[in-house]
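Quick note on labels: first sequence line is chain A, next is B, and so on, each numbered from 1. Since this is a predicted model, take the numbers as computed values, not measurements.
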Protein chains: 2
Amino acid sequence: MSNHNHDKCIEAALIEATNICVARNTRFTPLRKKVLELVWSGHNPVTAYELLDMLSDAGRKRVAPPTIYRALDFLIEEGFVHRLESLNAFIGCPDPAHKHHGHFLICRKCRTVTEVKDDALQKNITRAANDLGYSCENNMLEIMGLCHNCKKHSNS
Amino acid sequence: MSNHNHDKCIEAALIEATNICVARNTRFTPLRKKVLELVWSGHNPVTAYELLDMLSDAGRKRVAPPTIYRALDFLIEEGFVHRLESLNAFIGCPDPAHKHHGHFLICRKCRTVTEVKDDALQKNITRAANDLGYSCENNMLEIMGLCHNCKKHSNS
DNA sequence: TGACCAGAGGATAAGTTATAACATATCACG
DNA sequence: CGTGATATGTTATAACTTATCCTCTGGTCA
């Protein structure tokens with residue numbers, strides 16, 4: 001995630017979300033759009049309260065927590081955003097058009113988060129659940145470690 | 001987890017924890033023992049505040065949150081207890097002697113939690129991380145679905 | 001044996017994350 | 001327009017977690 005034109009990421013996410021909402025006839029309101037844009041401010045997780053501050057800085061008059069949480073609920077429901085349970089934080093989904101569970105790589109150093117897309121892995125998870133008599137309706141995998149870049153530049 | 005003698009589960013967990021602490025020369029104090037016992041009161045996750053209430057009911061004078069969190073920190077550190085991130089709750093580990101990451105099946109109906117022990121799955125996870133340039137220092141998998149028993153008895 | 005020290009746990013307060021409950025605004029559609 | 005449904009604003013509070021400071025206890029060692 002080093003030096004790319006991140007504006008493109010944001011723009012792409014907003015356009016795709018817009019298209020999906022049109023297709024589904026759901027309401028991509030200005031607030032929801034703004035929150036999605038803020039979530040996409042980087043490839044790092046952001047917390048609800050960071051979003052709150054960012055929204056306020058962005059010129060709106062200070063909003064209260066429910067405003068953010070409701071927007072996030074919508075964005076998660078539509079698949080535009082994932083929640084990182086181990087961080088109580090949120091991250092934009094790079095592929096909202098395809099329904100999937102959240103599997104993430106989290107760099108403990110630079111906090112970059114990369115989404116894992118691995119069908120074999122998902123199959124393996126479902127299989128493991130079935131082996132023990134459970135159905136798998138939903139699952140989340142969060143892997144903490146060092147990203148490629150931080151591995152190179154560090155000795156810890 | 002239907003009708004087993006759960007006292008055996010509790011007893012086994014306490015004995016194993018005691019042995020491990022002796023081996024490691026760490027202090028399994030009465031408070032820590034009591035908290036572990038309470039965590040093991042069932043095969044369901046318990047929250048920190050539930051433990052707080054349980055401790056108080058158990059005759060002690062009301063303790064404050066840090067007391068519980070410190071005990072939990074110790075128990076987690078020693079591997080006796082896992083934290084379920086998606087529930088902000090805690091569950092006893094059935095195999096504390098062997099270091100491993102937490103992979104769980106959670107029944108959304110009866111809340112029974114079963115720990116998954118699956119080496120192939122862990123290898124698969126590590127491989128997926130490496131494929132994307134990440135190391136895997138730590139990982140957590142939480143699968144939500146219905147357990148065998150609840151599948152049989154329900155139509156939702 | 002007694003001075004010292006480290007670790008455990010009690011007490012208070014505060015920080016962080018999330019939701020309930022109710023009021024108001026806006027939209028969609030007949 | 002009017003009405004119902006959905007979105008957002010507002011206030012308060014619940015739920016979860018940590019920081020800080022202090023006391024007590026049990027072990028170590030001069």
Side-chain angles (χ1 to χ4, degrees), chain A residues 17-18 20-39 44-56 58-78 80-91 111 140 142, chain B residues 17-18 21-22 24-39 44-56 58-78 80-91 111 140 142:
Chain A
T18 304
I20 290 174
C21 285
V22 168
R24 291 181 187 158
N25 195 29
T26 52
R27 295 172 58 187
F28 198 40
T29 64
L31 175 67
R32 291 166 174 176
K33 193 166 200 162
K34 185 69 196 169
V35 171
L36 182 58
E37 186 186 333
L38 292 173
V39 167
N44 305 90
V46 287
T47 68
Y49 279 74
E50 283 167 357
L51 289 168
L52 220 60
D53 292 341
M54 291 159 98
L55 249 195
S56 303
R60 311 213 167 210
K61 84 164 189 261
R62 181 105 194 148
V63 298
T67 301
I68 288 291
Y69 281 103
R70 282 189 291 230
L72 286 170
D73 283 348
F74 173 84
L75 298 171
I76 289 168
E77 179 69 26
E78 296 292 330
F80 304 157
V81 165
H82 292 289
R83 180 186 162 84
L84 293 161
E85 298 290 348
S86 63
L87 303 175
N88 293 330
F90 305 87
I91 186 108
R111 303 249 109 188
M140 38 147 313
E142 294 174 20
Chain B
T18 305
C21 286
V22 168
R24 291 180 187 160
N25 196 28
T26 52
R27 296 173 55 187
F28 198 40
T29 63
L31 175 68
R32 290 165 174 178
K33 193 167 201 163
K34 186 68 196 169
V35 172
L36 181 57
E37 186 186 332
L38 292 173
V39 168
N44 305 91
V46 288
T47 68
Y49 275 73
E50 284 167 355
L51 289 168
L52 221 61
D53 292 340
M54 290 158 98
L55 250 197
S56 304
R60 312 208 167 213
K61 82 165 189 256
R62 180 107 195 148
V63 298
T67 302
I68 288 291
Y69 281 103
R70 283 189 290 231
L72 286 170
D73 284 348
F74 173 84
L75 297 171
I76 289 168
E77 179 69 25
E78 296 292 328
F80 304 157
V81 165
H82 292 290
R83 180 186 162 84
L84 292 161
E85 298 289 349
S86 63
L87 303 175
N88 293 333
F90 304 87
I91 187 107
R111 305 248 110 189
M140 38 151 314
E142 294 175 19

Please determine whether any donor N or O and acceptor N or O are separated by less than 3.5 Å between the side chain of A/Arg70 and the base of D/dG9. yes
Between the side-chain atoms of B/Arg27 and the base atoms of C/dG9, is any donor-acceptor pair under 3.5 Å? no
Distance check needed: C/dG10 C1' versus B/Leu52 CG, whole Å only.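 B/Leu52 atom CG is separated from C/dG10 atom C1' by 13 Å.
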Would you indicate which nucleotide in [options] comes nearest to any side-chain atom of [X]?
X: A/Ala48; options: D/dG9, C/dA20, C/dA18; answer: C/dA18
X: A/Val63; options: D/dG9, D/dT17, C/dT17; answer: D/dG9
X: B/Pro66; options: C/dT17, C/dT12, D/dC16; answer: C/dT12
X: A/Arg32; options: C/dG10, D/dA7, C/dT12; answer: D/dA7

It should be established whether [X] places a side-chain nitrogen or oxygen under 4.0 Å from OP1 or OP2 of nucleotide [N].
X: A/Lys33; N: D/dA7; result: no
X: A/Lys61; N: D/dT10; result: yes
X: A/Thr29; N: D/dT8; result: yes
X: B/Thr67; N: C/dG9; result: no

B/Asn88 vs B/Pro65, nearer the 5' end of DNA chain C by closest nucleotide: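 Between the two, 5'-proximity favours B/Pro65.
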In terms of the nearest nucleotide of DNA chain C, which residue is placed more toward the 5' end: B/Tyr49 or B/Pro30?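 Looking at DNA chain C, the more 5' nearest nucleotide goes with B/Pro30.
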Please tell me which of A/Ala71 and A/Ala64 maps to the more 5' nucleotide of DNA chain D, matching each residue to the nucleotide holding its nearest heavy atom.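 On the 5' side of the pair lies A/Ala71.
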Testing A/Thr67, A/Val81, A/Leu72 one by one against A/Val35 for a side-chain contact (heavy atoms from CB on, under 4.5 Å), which residue passes? A/Leu72
